[in-house]
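See structure below.
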Amino acid sequence: MLYIVLAIACSTGILVMFKLAGRYTINSLALLVVNYVVAVLFGIFSSPSNLHPEAILQKPWVGLAFLSGILFITGFFLFSFSAVKAGVASTGLASRLSLIVSVAAGLLIFGDSPDIYRIAGISVGLAALYLSLAPQKNSKAGASLLPIALLVVHGISDLALKVVQEYFLNDDYDAFLVSVFFIALIVSSLIFLIKYPIKTMNLKTLLAGILIGLLNWYSSYFLLLSLDRFEVSLVIPIINIGIVAAASAAGIIIFKEKLNARRLAGILIALISIALLSYPKD
């Protein structure tokens, strides 16, 4: 379970960093570029194997790496904008509804075996998310569109990672992640150079981007390790609902975001769901 806890911590840290970046008027696209540079370099230098472009292009998962890279950059755009516009708590809560896609795929496609605790945990978790996403009185109407879009992209991205892990990866975790981040780096760099002058980059942006890049690498790495050790219908709900609780706590404690009683009840129910989902099957 350690890898699952670490994946939750890293993902929540990314949310917090994007919220702080919005407060300090750091360009989100510049952050994404630096983040992916760091993730690619860190993956290359920390990899136990040699990463040769020719060998990577021969891998059966190269097409899915390209797709995942596009999904990653799209998800990060939505992640950063939603954290600023809709808040850390709302973004964390809404993005975690993507578990519906992953759990359904795990049970229907990958043959995961549900038990009473898994079914109860997922049901309670969905109820918690429903309560937690109740609209606030002072929320802006347009703010809800970003979390909804994030939900769809995260669901497809999680499913793509599981397909790669299930059918194509052996010990190629580092090579696959470096490939995904490299694709995301190319796309984000092109968009950045078209939209902004290079002087948009500054020391503040570089430092924040480096930290986000490390968190991004490890959140994905720990997710893949978790999927390798546990069923997808167990891993994804625990991580998603765990981020619900952690992001909500961060929003309240760090950013003083106000949550109504219904949302607070949703957070408490989410913790019950995590306990049910973590209950041993044997």
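- Transitive grouping of hydrophobic side chains (ILVMFWY, heavy atoms separated by less than 4.5 Å) keeps Leu57 and Val164 in distinct clusters.
- Counting heavy atoms from C-beta on, the side chains of Ile4 and Phe230 come closer than 4.5 Å.
- To the nearest 0.5 Å, atom OG of residue Ser28 and atom CZ of residue Phe18 are 6.5 Å apart.
- Residue Phe66 is grouped with residue Ile56 when hydrophobic side chains (ILVMFWY) are merged at heavy-atom distances under 4.5 angstrom, including chains of intermediate members.
- Of all non-hydrogen atoms in Val37 and Leu185, the two that sit nearest each other are CG2-CD1, 3.4 Å.
- A continuous path of Ile, Leu, Val, Met, Phe, Trp and Tyr side chains, each step under 4.5 Å between heavy atoms, connects Phe168 with Phe176, placing both in one hydrophobic cluster.
- The hydrophobic cluster containing Ile70 also contains Leu193, counting ILVMFWY residues as joined when their side-chain heavy atoms lie under 4.5 angstrom apart, directly or transitively.
- From Asn35, atom CG reaches atom CG of Leu206 across 12.5 Å, with rounding to the nearest 0.5 Å.
- Nearest heavy-atom pair across Ser188 and Leu29 is O-CD1, 4.0 Å.
- No side-chain donor-acceptor contact under 3.5 Å links Ser11 to the backbone of Ile8.
- Expressed to the nearest 0.5 Å, how far CE of Met201 lies from CD1 of Ile26 amounts to 11.5 Å.
- Looking only at side-chain heavy atoms (C-beta outward), Ile194 and Ile191 stay at 4.5 Å or farther from each other.
- The local environment of OH in Tyr167 is crowded, with over 12 non-hydrogen atoms from other residues, nucleotides or ligands closer than 6.0 Å.
- If you chain together hydrophobic residues whose side chains sit under 4.5 Å apart, Leu203 and Val34 never meet in one group.
- For Phe77, the CZ atom counts as densely surrounded, since its 6.0 Å shell holds more than 12 non-hydrogen atoms of other residues, nucleotides or ligands.
- Side-chain contact between Tyr36 and Asn216 is present, with heavy atoms from C-beta onward closer than 4.5 Å.
- Nearest heavy-atom pair across Ala246 and Thr12 is CB-OG1, 3.4 Å.
- Atom OG of Ser157 sits about 8.0 Å away from atom CG of Leu67, to the nearest 0.5 Å.
- Note that the CH2 atom of Trp61 and the OG atom of Ser68 stand 10.5 Å from one another [nearest 0.5 Å].
- Between Trp217 and Phe181, the ring planes are tilted. Angles from 30° to 60° get that label.
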Under the criterion ring pair (Phe, Tyr, Trp, His ring centres under 6.0 Å), I'd like the reasoning laid out for Phe42 against Tyr218: C-alpha separation, chi angles, the key distance, then a yes or no.
CA-CA 10 Å; Phe42 191 80; Tyr218 277 114; 5.4 Å; yes

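- Closest approach of Leu15 and Ala247 over heavy atoms only: CD1-CB, 3.8 Å.
- Counting only heavy atoms from C-beta outward, the side chains of Tyr221 and Cys10 never approach each other to under 4.5 Å.
- Using a 4.5 Å heavy-atom cutoff, the side chains of Leu224 and Tyr3 are not in contact.
- Atom OG of Ser219 and atom CG of Leu6 lie 11.0 Å apart (nearest 0.5 Å).
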Chi angles and distances behind the side-chain contact (heavy atoms from CB on, under 4.5 Å) call for Val38, Ile212
CA-CA 9 Å; Val38 171; Ile212 291 176; over 6 Å; no

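- With a 4.5 Å cut-off on side-chain heavy atoms, Asn27 and Thr205 do not count as touching.
- Pairs of residues two or more places apart, or lying in two chains, that qualify as salt bridge (charged side-chain N to carboxylate O under 4.0 Å, His left out) and include a residue from residues 51-72 are Lys59-Asp172.
- Looking at heavy atoms from C-beta onward, Phe192 lies out of side-chain contact with Leu31 at the 4.5 angstrom threshold.
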